[in-house]
Student: 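Okay, handing you the structure first.
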Amino acid sequence: NAGVMQNPRHLVRRRGQEARLRCSPMKGHSHVYWYRQLPEEGLKFMVYLQKENIIDESGMPKERFSAEFPKEGPSILRIQQVVRGDSAAYFCASSPETGHAGELFFGEGSRLTVL
Amino acid sequence: GDSVTQMEGPVTLSEEAFLTINCTYTATGYPSLFWYVQYPGEGLQLLLKATKADDKGSNKGFEATYRKETTSFHLEKGSVQVSDSAVYFCALSDRVTGGGNKLTFGTGTQLKVEL
């Protein structure tokens with residue numbers, strides 16, 4: 001029973017390029033969350049999605065960041081025109097629709113380095 | 001808004017020592033409380049949880065009690081092992097529109113256990 005799968009695990013981009021991070025939730029999970037972990041900091045909520053809908057994007061920067069969770073395929077976090085400050089670990093988590101309160105299942109993260 | 005404050009690390013202990021990691025929270029309503037653990041290079045894993053006041057969560061020798069009167073959820077273990085070395089995150093959940101769960105995390109406490 002595969003867990004939450006994220007790819008790539010490591011991504012290096014130069015300033016101004018685009019970064020695309022993918023997340024496949026656990027089988028049967030319809031809720032996806034993206035969190036960002038900056039160096040020496042805790043995880044910060046970015047966005048919560050269900051299939052084809054963004055439910056809460058209150059933690060997402062207003063510019064350059066977008067997320068989607070299409071009907072088919074993985075959830076994608078897209079960062080356009082990356083800057084050095086975007087260097088971080090990006091974690092995806094999923095939960096079932098009727099899961100226990102707050103119990104999220106996390107992937108191993110995608111570590112973005114912006115040169 | 002909701003917030004979680006936990007003691008700063010790193011915490012360095014000898015094997016078999018007693019562990020306490022303090023965590024306090026601020027929330028509207030009645031959140032559920034969690035401890036997640038992150039081993040090096042991995043994603044977060046749920047360690048234990050408590051969903052209402054006076055509940056005690058426990059797992060792998062770790063315990064934490066939901067104290068509403070002191071808004072605390074301190075993590076304890078009677079005898080730590082080298083394999084417990086990791087970063088520990090306190091978190092609370094906030095039920096959101098659409099039935100999901102948004103977690104607010106503390107900044108994490110790194111634990112190092114030495115022989």
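Every chain is numbered from 1 and lettered A, B, ... according to where its sequence line falls, protein lines coming before strand lines.
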Student: Quick one: do B:V11 and B:V87 end up in the same hydrophobic cluster if we chain Ile, Leu, Val, Met, Phe, Trp and Tyr together by side-chain heavy atoms under 4.5 Å apart?
Tutor: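 Cluster IDs for B:V11 and B:V87 differ.
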Student: Can you list the steps and then say if A:L43 with B:F89 is a side chain to side chain contact (heavy atoms under 4.5 Å, CB included)?
Tutor: CA-CA 9 Å; A:L43 279 78; B:F89 291 92; 3.9 Å; yes
Student: Please round to the nearest 0.5 Å and tell me the distance separating atom CZ of A:F106 and atom CD of B:Q38.
Tutor: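 Going from the CZ atom of A:F106 to the CD atom of B:Q38 covers 9.5 Å.
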Student: Identify which part of A:Q6 has an atom lying under 4.5 Å from any heavy atom of chain B, answering side chain, backbone, both or neither.
Tutor: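 When you check distances to chain B, no heavy atom of A:Q6 falls under 4.5 Å.
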Student: Dump the intermediate steps for side chain to side chain contact (heavy atoms under 4.5 Å, CB included) on B:Y36 and A:L104, then the final yes or no.
Tutor: CA-CA 10 Å; B:Y36 278 80; A:L104 302 185; 3.9 Å; yes
Student: Say whether, by atom type as modelled, one donor and one acceptor occur between the side chain of A:Y33 and the main chain of B:L103 under 3.5 angstrom.
Tutor: no
Student: Around atom CZ of A:R15, are there more than 12 heavy atoms from other residues, nucleotides or ligands closer than 6.0 Å?
Tutor: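 No, not enclosed.
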Student: Measuring heavy-atom distances to chain B, does A:F105 have an atom under 4.5 Å in its side chain, in its backbone, in both, or in neither?
Tutor: neither
Student: Taking CD in A:Q81 as the centre, count heavy atoms belonging to other residues, nucleotides or ligands within less than 6.0 Å. Is the count above 12?
Tutor: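 Counting neighbours around CD of A:Q81, 12 or fewer heavy atoms of other residues, nucleotides or ligands fall under 6.0 Å, so no.
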Student: Would you mind reporting whether A:Y48 and B:K102 have side-chain heavy atoms less than 4.5 Å apart?
Tutor: no
Student: Establish whether B:I21 and B:F34 are linked, either directly or via other cluster members, by ILVMFWY side-chain heavy-atom contacts under 4.5 Å.
Tutor: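 No, because B:I21 and B:F34 fall into different hydrophobic clusters, even though each may have its own neighbours under 4.5 Å.
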Student: Quick check: are there more than 12 heavy atoms from other residues, nucleotides or ligands sitting under 6.0 Å from CD of B:Q45?
Tutor: yes
Student: Would you say NZ of A:K51 has more than 12 non-hydrogen atoms from neighbouring residues, nucleotides or ligands within 6.0 angstrom?
Tutor: yes
Student: Answer yes or no: does atom CD of A:E63 have more than 12 heavy-atom neighbours from other residues, nucleotides or ligands under 6.0 Å?
Tutor: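 Open.
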Student: Taking the side chain as every heavy atom from C-beta outward, state whether B:F105 and A:Y35 have any pair of such atoms under 4.5 Å apart.
Tutor: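 A side-chain contact under 4.5 Å exists here.
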Student: Are A:E103 and B:S32 side-chain neighbours, meaning at least one heavy-atom pair lies under 4.5 Å?
Tutor: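 No, side chains not in contact.
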Student: For the atom pair OG1 (B:T107) and CD (A:Q37), what is the distance rounded to the nearest 0.5 Å?
Tutor: 10.5 Å
Student: Heavy-atom distance under 4.5 Å to chain B: side chain of A:S110, backbone, both or neither?
Tutor: neither
Student: Is atom OH of B:Y30 surrounded by more than 12 heavy atoms (other residues, nucleotides or ligands) closer than 6.0 Å?
Tutor: no
